[in-house]
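One structure is given here, and the rest of the page talks about it.
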Amino acid sequence: MEKQFEYIEKIKEDNLRYAEQNGARRRAFVMTFGCQQNEADSEKIAGMAEAMGYDICEEPSAASLIVVNTCAIREHAEQKALSVIGQYKHLKNKDPELIIAVCGCMVTQEHRVNEIKFSYPYVDFVFGTSSIHRLPELIFEKKRLSKRLYCPEEAEYLVAEGIPMKRKAGARAWVSVMYGCNNFCSYCIVPYVRGRERSRTREAVYAEVKELIEKGYKDITLLGQNVNSYGKDSGYDYDFADLIAYLDTIEGDYMLHFMTSHPKDATKKLVDTMAEGKHIAHHFHLPMQSGSNSVLKEMNRRYTFDAYMEKVDYIREKMPDAVITSDIMVGFPGESEEDFEDTLKALRRARFDMIYSFIYSPRKGTPAAELEEQIPENVKSARFERLLATQNAISLEMNKPLEGKTIRVLCDGRSKNNSSVFSGRTEGNKIVFFDGEDTDTGKFLNVTIERADTFALYGKIVK
Ligand code: SAH
Ligand code: SF4
Ligand code: F3S
């Protein structure tokens, strides 16, 4: 990072000179696809851009620097990013000085880097997930050499500390506790584009969380692809449960969330720590993927449905108020009608409050993409619809008992779709709509739920 700060200073000088000459500062626009991990990376990109003297803007047409942070988890995510990059061609035609950069998981794959090289000639440089911190150097070199750059992946994915961050407005913040993934689920691209697991130290995480709480953040989500293996890669003598117990000692009025947990590594100790904690939300996101043991085996998930349910039952035993959510995938290669019905049965048994559901998308370079028995698109979509119908009924049943109850809600401000109502989230991350006041934004409120729907709760603030 020290080297990067030298580049930051040089670019800042240039940007300040530009502002003096033109009476307007240069602006940067960051477009983000994908998961919270990518959102957190984009906060670093925006933070570095700001340190370099750019103002962050919300419109690509106003920008001198555009960074597209891409995702590769499904084909659709990649197509969306490519289409957005395509739309920036005319901006470059209008302003040849405009710098367009593409980063993130999609371009951490060689075939996509080549595609950008050949089919998107107006993209100035590309950098992978291990090179986020090198943005200042890349901008500097791009200006100096005026040729296109392809930043090679670092041989070792490092944990770069001290990158400036520009966080999203609001009372919620993300804190990465580890990067990468070692699990190699057979359908998943993440281990190939995010490298091996690396954990930040307990002290670095503690310092960041403490600072955020002191600044007034009320909800901190700890991020990692599999937070349950925190520390193992680095040989720390503390695990994830120890980490959250340690963070929980920070004084203040706040809530700690975390995601994602791999069921194979979710321990009783973690559940006990949550149950005993003061600030740890009773919310467990525990992706099941499938209810069929043979599919789980082919997915390389390394647990059976029964083993999974044992963990769910233990969570409910220790925290009867826990909200449990999951990820479910349909149409994995070889998934039979019977396998799929096992998943529906599993939903009825597990009774998740909510699920994120996905249609399997073959990813180049993963073992599952090579499997012969790929499921036809029409079968996948039909299963997807049945999955949603089954879960929606359960979600509604899980929400209904909240009617008449008063629960704590963190207010996010006016709703994006209807500015006359306010929205917030419960400890279990359920969305709640209510009549509020602007001064309620960013505060914990007590809300009495008057109506519970499948996807949302509606209520009134208790003053
Ligand atoms: N590390 C997290 C998951 C991150 S990806 C975990 O293991 O729980 C989020 C979700 O995307 C996964 O849980 C999975 O359901 C889905 N997903 C991953 N790869 C996919 C693919 N190739 N096609 C469809 N969905 C996929
Ligand atoms: Fe992908 Fe599995 Fe790692 Fe999650 S645990 S990121 S699904 S390989
Ligand atoms: Fe997508 Fe990369 Fe996240 S592939 S889901 S942005 S880790």
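Position 1 is the first residue of the sequence, and the numbers go up from there. Bear in mind that the values here come from a model prediction, so they are computed numbers and not experimental data.
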With sequence neighbours excluded, give me every ring-ring contact (aromatic ring centres under 6.0 Å, His included) pair touching residues 264-292.
-> Y254-H279, H257-H283, F258-F284, H285-Y356

Go through the structure and list residues passing side chain to side chain contact (heavy atoms under 4.5 Å, CB included) with [X], not counting sequence neighbours.
X    : result
E59  : S61, A62
A393 : none
A346 : M288, F305
C181 : N183, V190, P191, Q225

Gap between atom [atom2] of [Y] and atom [atom1] of [X] - 0.5 Å precision:
X    : Y    : atom1 : atom2 : result
T32  : I45  : OG1   : CD1   : 7.0 Å
T426 : I407 : OG1   : CD1   : 5.5 Å
E370 : K364 : CD    : NZ    : 9.0 Å

If you measure from the Lys or Arg side-chain nitrogens to the Asp or Glu carboxylate oxygens, is any gap between R196 and D233 under 4.0 Å?
-> no

Less than 4.0 Å between a side-chain N and a carboxylate O, is that true for K443 and D253?
->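 No salt bridge links D253 with K443.
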
Please walk me through it: do V271 and M319 pass side-chain contact (heavy atoms from CB on, under 4.5 Å)?
-> CA-CA 8 Å; V271 179; M319 294 182 283; 4.1 Å; yes

Least distance between heavy atoms, [X] atom then [Y] atom:
X    : Y    : value
A46  : I56  : O-CD1, 3.6 Å
L223 : A40  : CD1-CB, 4.1 Å
E75  : Q79  : OE2-NE2, 2.6 Å
G442 : A171 : CA-CB, 3.9 Å
F29  : C57  : CD1-O, 3.4 Å
I315 : A322 : CG2-CB, 3.8 Å

Tell me which pairs pass salt bridge (charged side-chain N to carboxylate O under 4.0 Å, His left out) where either residue lies in [range], with sequence neighbours left out.
range            : value
residues 376-386 : E335-R383, E337-R383, E337-R386, E341-R386, E377-K380
residues 255-273 : K232-D265, D239-K269, D242-K269
residues 286-314 : D313-R349

Those residues that, when tested against R200, pass side-chain hydrogen bond (donor to acceptor under 3.5 Å, both in side chains) (two or more places apart) = E161, E208

Are any of the side-chain heavy atoms of [X] and [Y] separated by less than 4.5 Å?
X    : Y    : value
E197 : S229 : yes
F433 : N418 : no
R363 : V193 : no

Is the backbone N or O of [Y] less than 3.5 Å from a side-chain atom of [X], with the two atoms forming a donor-acceptor pair by type?
X    : Y    : answer
T325 : M354 : no
S261 : P263 : no
D339 : V295 : no
D440 : E437 : yes
Q289 : L296 : no
T273 : A245 : no
R414 : S419 : yes
S199 : G231 : yes
Q391 : F352 : yes

Pick from L222, L270, L247, D248: which one makes a side chain to side chain contact (heavy atoms under 4.5 Å, CB included) with I280?
-> D248

Parallel under 30°, tilted from 30 to 60°, perpendicular over 60°: which one fits the rings of F422 and F434?
->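 Judged by the thresholds at 30° and 60°, the geometry between F422 and F434 is parallel.
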
Give the ring-plane orientation class for Y308 versus Y303, where under 30° counts as parallel, over 60° as perpendicular and anything between as tilted.
-> tilted

Count the heavy atoms belonging to other residues, nucleotides or ligands that lie under 6.0 Å from CD of E373, then report whether that count exceeds 12.
->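 No, the 6.0 Å shell around CD holds no more than 12 heavy atoms from other groups.
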
What residues, two or more places apart in sequence or in another chain, satisfy salt bridge (charged side-chain N to carboxylate O under 4.0 Å, His left out) together with R348?
->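 If we apply the salt bridge (charged side-chain N to carboxylate O under 4.0 Å, His left out) test to R348, skipping adjacent residues, there are no hits.
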
For R172, which residues count as a salt bridge (charged side-chain N to carboxylate O under 4.0 Å, His left out) partner, sequence neighbours excluded?
-> D219, D412

side-chain hydrogen bond (donor to acceptor under 3.5 Å, both in side chains) between S415 and S423: does it pass, once the steps are laid out?
-> CA-CA 5 Å; S415 155; S423 77; 5.3 Å; no

Do Y88 and Y120 have ring centroids that are under 6.0 Å from one another?
-> no

Show which side-chain atoms of residues 449-463 pair as donor or acceptor with protein atoms under 3.5 Å away, not counting sequence neighbours.
| from | atom 1 | to | atom 2 | distance (Å) |
| --- | --- | --- | --- | --- |
| R451 | NH1 | D453 | OD2 | 3.1 |

When you look at S294 and S292, which way does the side-chain hydrogen bond (donor to acceptor under 3.5 Å, both in side chains) test go after all the steps?
-> CA-CA 6 Å; S294 62; S292 152; 3.3 Å; yes

List the steps, then state whether ring pair (Phe, Tyr, Trp, His ring centres under 6.0 Å) holds for F358 with F384.
-> CA-CA 8 Å; F358 305 101; F384 187 69; 8.4 Å; no

Do the numbers put R408 on top of the ring of F444, so that NZ or CZ is under 6.0 Å from the six-membered ring centre and no more than 45° off the axis?
-> yes

Carefully, step by step, assess S42 and N69 under the rule side-chain hydrogen bond (donor to acceptor under 3.5 Å, both in side chains).
-> CA-CA 7 Å; S42 285; N69 191 4; 3.0 Å; yes

Tell me, with the steps shown, if T441 and D438 meet side-chain hydrogen bond (donor to acceptor under 3.5 Å, both in side chains).
-> CA-CA 6 Å; T441 303; D438 284 309; 4.7 Å; no

Please report the C-alpha distance between V323 and E427 in whole Å, then the side-chain angles of each, then the deciding distance to 0.1 Å, and finally whether the side-chain contact (heavy atoms from CB on, under 4.5 Å) criterion is met.
-> CA-CA 8 Å; V323 166; E427 181 174 334; over 6 Å; no

Decide side-chain contact (heavy atoms from CB on, under 4.5 Å) for I189 and Q109; before the verdict, give the C-alpha distance in whole Å, the side-chain angles of both, and the deciding distance to 0.1 Å.
-> CA-CA 10 Å; I189 196 71; Q109 307 169 97; 3.5 Å; yes

